[in-house]
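Side chains included, hydrogens not; waters and symmetry mates left out as well; all remaining heavy atoms used. Order of the sequence lines fixes the chain letters, A, B, ..., with proteins taken first and strands second; residue numbering starts at 1 for each chain. Everything quoted here is computed from the prediction, not taken from an experiment.
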Amino acid sequence: MGKSEKTNPYLAHLLEDNHIESSSLNKYTGKPYSEKYYELLKVRKALPIYDKREEFLQLVKESKVVVLVGDTGSGKTTQVPQFFLEEGHLEKNKMIVCTQPRRVAAMSVSQRVADELDVPLGEAVGYTIRFEDVTSPKTILKYATDGMLLREAMSDPQLSRYSLIILDEAHERTLATDILMGILKTVVRQREDLKLVIMSATLDAGKFQDYFSRDPEHPLTVPLINVPGRVYPVEVYYTPEPEKDYLEAAIRTVIQIHANEPLGDILLFLTGEEEIEETCKRLNHDIPLLVKDSKPFRILPLYSSLPPNAQQRVFEPPPSNGRKIIVATNIAETSLTIDGVVYVIDPGFSKQKIYDPRVRVESLLVSPISKASAKQRAGRAGRTRPGKCFRLFTEQTFKKDLIETTYPEILRSNLANVVLTLKKLGVDDLVHFDFMDPPAPETLMRALELLNYLGALDDEGELTQLGKLMAEFPLDPQLSKMLIVSPQFQCSNEILSIVAMLSVPNCFLRPRDAQKKADAAKARFTHSEGDHLTLLNVYYAYKHNEEDPNWCYQNYLNYRSLKSADNVRSQLEAMMNKLSLPLVSTDFQSAEFYVNIRKALVNGFFMQVAHLESNGYYLTVKDNQVVSLHPSHGLDHKPTWVVYNEFVLTSRKYIRTVTEIKGEWLLEYASHYYELANFPVGEAKRDLEKLTIKNKKPRKQK
DNA sequence: GAGCACTGC
């Protein structure tokens, strides 16, 4: 047992450091440290952040909020919480939490820190992500997704379990991190026993400092600490003239690098799946033709909807004496890191979400990236040795045209869910809420209006009983409303399945080389009254076929999607039980089985309804947008009224996932929205008026 | 008659 102590060469040296346990027993487990602990300790002490340890601890002692800037490789994510622990700053029964924008990061970082502390994961160190809580009463350091900490705040707005909250990767400005910053700015001033550390890659540091210090009544001094990263230099090249066609330029650049530059993998950033698959095909065809005596190469596409085994291939070693050429979306900018990349090709574009509050539509648009993004992409070339980055735009463009940082998500999103969350967190005055970047007032108004129509907020903007329930669910407000009322329509089991299916990526596969077969497979599940009902059929069939991946494959269904829908469904079912919402079904033989489901749909989605006009097009109610049924629909006729799940703006305006409803139901379940006095003149209004008269007659006769 | 940047609860 004592062997490792005596023979360990690092031990004597360690004992000189007063902040490292001078006893050879691990204070968390009571056991002697393992060999691995000392090995990892040596690595830890070589991290750049280690030199800033005393400075950091001093600043945290003096200040409530500290901003820490550190590039990749500085070690901040793993070491900063440990500094705090070692110093014994943690109060009894309190914890440290460190947020991450992504689940995998929360999981892998917590495992690393558990190893460094020589403790089993889930005891002193753990993580919490959706569907998985690997913590215990012993846990004092927890890594969590930012969304998960936000959920916790909803039941404990002071986040009173924690005495240190670290928001990591704050520069990414996710919705959840932005909301957390907004509430923590107040909480940190209210709670004597709370410290806050904001960790970021260089760019926005000053902005975080300003934001947290600024307050008319309680200004704070927010110090900033800078930690160098550990990356290799990357030489950046620009094109002398702007490129007309970035795809052609990209292909040309790949070929030039492959022909002329020493070995080392190539990473090309493109915007989407189709573009990537096309380019891979072109490269496979062109390289052997254009490169004399080409070295071996392997072209690898990389995007999120690619099956996991195909994604994994980018991590395999390159062909012997050759190179990998990876053609990726933004997934390779932050989510996945591929060592061995030496050359980055950056055309300077990505698909970005934008929200237009006027038409209430979120859409994806190919847009120029920001300077910060371009720098991040370039950095991908310097992970293992010095690299090169080829920007397919001019230096002038970089300096003059690109914006500094990508607009935070909160400025590009529909905020219905954000507003519901903030209300639940007790924020009364949303218009004056201190957002780091305040969203457009119109976007907030749209969100308030939607929540008011759904009955989540009353006319004073107060959260209603229904709204409180809705906020409990990790769903868009329309979906949670529909789910909560579904027991009244005797179909909560079915709506649970539909909501789960709507919450995951599209489950229907349609490979380019088997489109007919895929369509035929889909036809077997199709319900002619609506796509929502088709989704229900698919879910049933998946369960009846014992969740078999092969069955999914044969039926052109995405197994990953269905499995995840099933997960979501279980989570929602548990919440329904917790909230005493009964799980009920209408008898399947009854004529009302599908009618009830469609009525429940109307209760959540009455604002997403389209009316068939005499010219054969659909017009969305109130917004009066001319739309077409998305070609993926399964209706066998064109119903007068449909609800839709999504408004898709591509080559045309489409409504996707549509189900037939009756006009009467709109008047019955959403009379406040369909009040005819405030309804825009048109065919939809005339149809509704006819229905009103028809409805009133029998009543008068009674 | 067509798509699906990326995350997260």
Side-chain angles (χ1 to χ4, degrees), chain A residues 99-106 128-133 144-155 169 172-180 269-277 301-306 328-336 349-354 362-367 369 373 376 406 408-410 412-413 417-418 420-421 424 470-477 479-480 499-500 503-512 515 518-519 522 558 560-561 564 567-568 571-572 575 628-635 646 648-657:
Chain A
T99 66
Q100 296 294 319
R102 283 166 292 279
R103 287 189 219 172
V104 275
T128 308
I129 60 178
R130 189 182 189 181
F131 307 127
E132 220 180 333
D133 183 9
T145 47
D146 49 6
M148 208 65 214
L149 187 64
L150 188 56
R151 281 272 137 193
E152 277 187 36
M154 287 169 65
S155 51
E169 312 288 355
E172 289 194 30
R173 304 292 307 277
T174 65
L175 270 180
T177 294
D178 264 21
I179 301 171
L180 282 169
F269 283 100
L270 293 180
T271 64
E273 174 179 346
E274 195 175 338
E275 198 177 74
I276 287 170
E277 291 294 350
L302 180 64
Y303 45 86
S304 76
S305 57
L306 210 60
T329 60
N330 254 3
I331 194 172
E333 195 180 300
T334 46
S335 304
L336 290 179
F349 293 95
S350 72
K351 276 193 193 169
Q352 286 166 35
K353 183 173 72 178
I354 46 168
E362 277 182 353
S363 52
L364 282 174
L365 196 70
V366 174
S367 323
I369 60 170
S373 230
Q376 173 75 10
T406 312
E409 206 184 349
I410 201 161
R412 298 182 287 120
S413 306
N417 232 341
V418 170
L420 189 61
T421 304
K424 175 82 179 181
M470 283 167 61
E472 292 286 324
F473 288 94
L475 295 169
D476 279 342
L479 291 170
S480 49
V499 165
S503 306
V504 300
N506 180 14
C507 67
F508 297 108
L509 298 174
R510 201 164 182 260
R512 241 174 296 252
Q515 295 190 343
D519 291 345
K522 186 177 174 184
N558 184 340
R560 258 203 301 170
S561 280
S564 126
N567 254 334
V568 172
Q571 188 194 16
L572 297 176
M575 301 184 82
S628 309
L629 300 180
H630 193 271
S632 62
H633 80 84
L635 298 168
E646 245 181 319
V648 194
L649 192 63
T650 52
S651 50
R652 292 161 70 176
K653 292 171 183 169
Y654 290 109
I655 48 177
R656 188 159 54 192
T657 315

Mind calculating the distance between CG (Asp519(A)) and P (dG3(B)) to the nearest angstrom? 14 Å
Short side-chain N/O contact to dC9(B) OP1/OP2 from Arg103(A), under 4.0 Å: yes
Nearest-angstrom distance from the residue atom NZ of Lys424(A) to C1' of dC9(B): 14 Å
Using a cut-off of strictly less than 4.0 Å, decide whether Thr145(A) has a side-chain nitrogen or oxygen near OP1 or OP2 of dC9(B). yes
From CD1 of Ile276(A) across to C1' of dC6(B) the rounded distance in Å is 12 Å
Tell me what Gln352(A) touches on the nucleic acid: a base, only sugar-phosphate, or nothing, going by heavy atoms under 4.0 Å. nothing
Go nucleotide by nucleotide along DNA chain B from the 5' end; which of Thr329(A) and Met148(A) gets its closest nucleotide reached first? Thr329(A)
Name the nucleic acid region contacted by Val648(A), choosing base, sugar-phosphate or nothing; use a 4.0 angstrom heavy-atom cut-off, strictly under. sugar-phosphate
Sequence neighbours excluded, which residues qualify as ring pair (Phe, Tyr, Trp, His ring centres under 6.0 Å) partners of Phe473(A)? none
Starting at atom CD of Glu169(A), determine the distance to atom C1' of dC6(B), rounded to an integer number of angstrom. 14 Å
Should Ser304(A) be listed as having a side-chain N or O under 4.0 Å from OP1 or OP2 of dC6(B)? yes
Contact class for Gln515(A) vs. all strands (heavy atom < 4.0 Å): base, sugar-phosphate, or nothing? base
Check: Asn558(A) side chain, Ser561(A) main-chain N or O, donor-acceptor pair, under 3.5 Å: yes
May I have the distance from Phe269(A) (atom CZ) to dC6(B) (atom C1'), rounded to whole angstrom? 13 Å
Below 4.0 Å: OP1/OP2 of dT7(B) and any side-chain N or O of Thr174(A): no
Spell out, as yes or no, whether a donor-acceptor pair under 3.5 Å connects the side chain of Glu275(A) to the backbone of Thr271(A). yes
Does Ser350(A) offer a backbone N or O that forms a donor-acceptor pair with the side chain of Asn330(A) under 3.5 Å? no
Which part of the nucleic acid does Leu175(A) contact within heavy-atom distance under 4.0 Å: base, sugar-phosphate only, or nothing? nothing
Does Tyr303(A) reach a base, just sugar-phosphate, or nothing at all? Heavy atoms under 4.0 Å. sugar-phosphate
Would you please confirm or rule out a distance under 4.0 Å between OP1 or OP2 of dC4(B) and any side-chain N or O of Arg656(A)? yes
Please identify each residue that fulfils side chain to side chain donor-acceptor pair (under 3.5 Å) with Thr145(A), with sequence neighbours left out. none
Is a donor-acceptor contact shorter than 3.5 angstrom present between the side chain of Arg102(A) and the base of dG8(B)? no
Would you mind reading off the distance between Arg560(A) atom CZ and dC4(B) atom P, rounded to a whole angstrom? 16 Å
If I take atom CD1 in residue Ile331(A) and atom C1' in nucleotide dC4(B), what distance separates them, rounded to the nearest angstrom? 12 Å
Just N and O in the side chain of Tyr654(A): are any of them under 4.0 Å from OP1 or OP2 of dA2(B)? yes
Write down the distance between CG (Asn506(A)) and P (dA2(B)), rounded to a whole number of angstrom. 16 Å
Distance-only polar pair, side chains of Glu172(A) and Thr177(A), donor-acceptor under 3.5 Å: no
What nucleic acid atoms does Thr650(A) come within less than 4.0 Å of, heavy atoms only: base, sugar-phosphate, or nothing? sugar-phosphate
Which residue lies more 5' along DNA chain B, comparing Gln571(A) with Ser335(A) via nearest heavy atoms: Ser335(A)
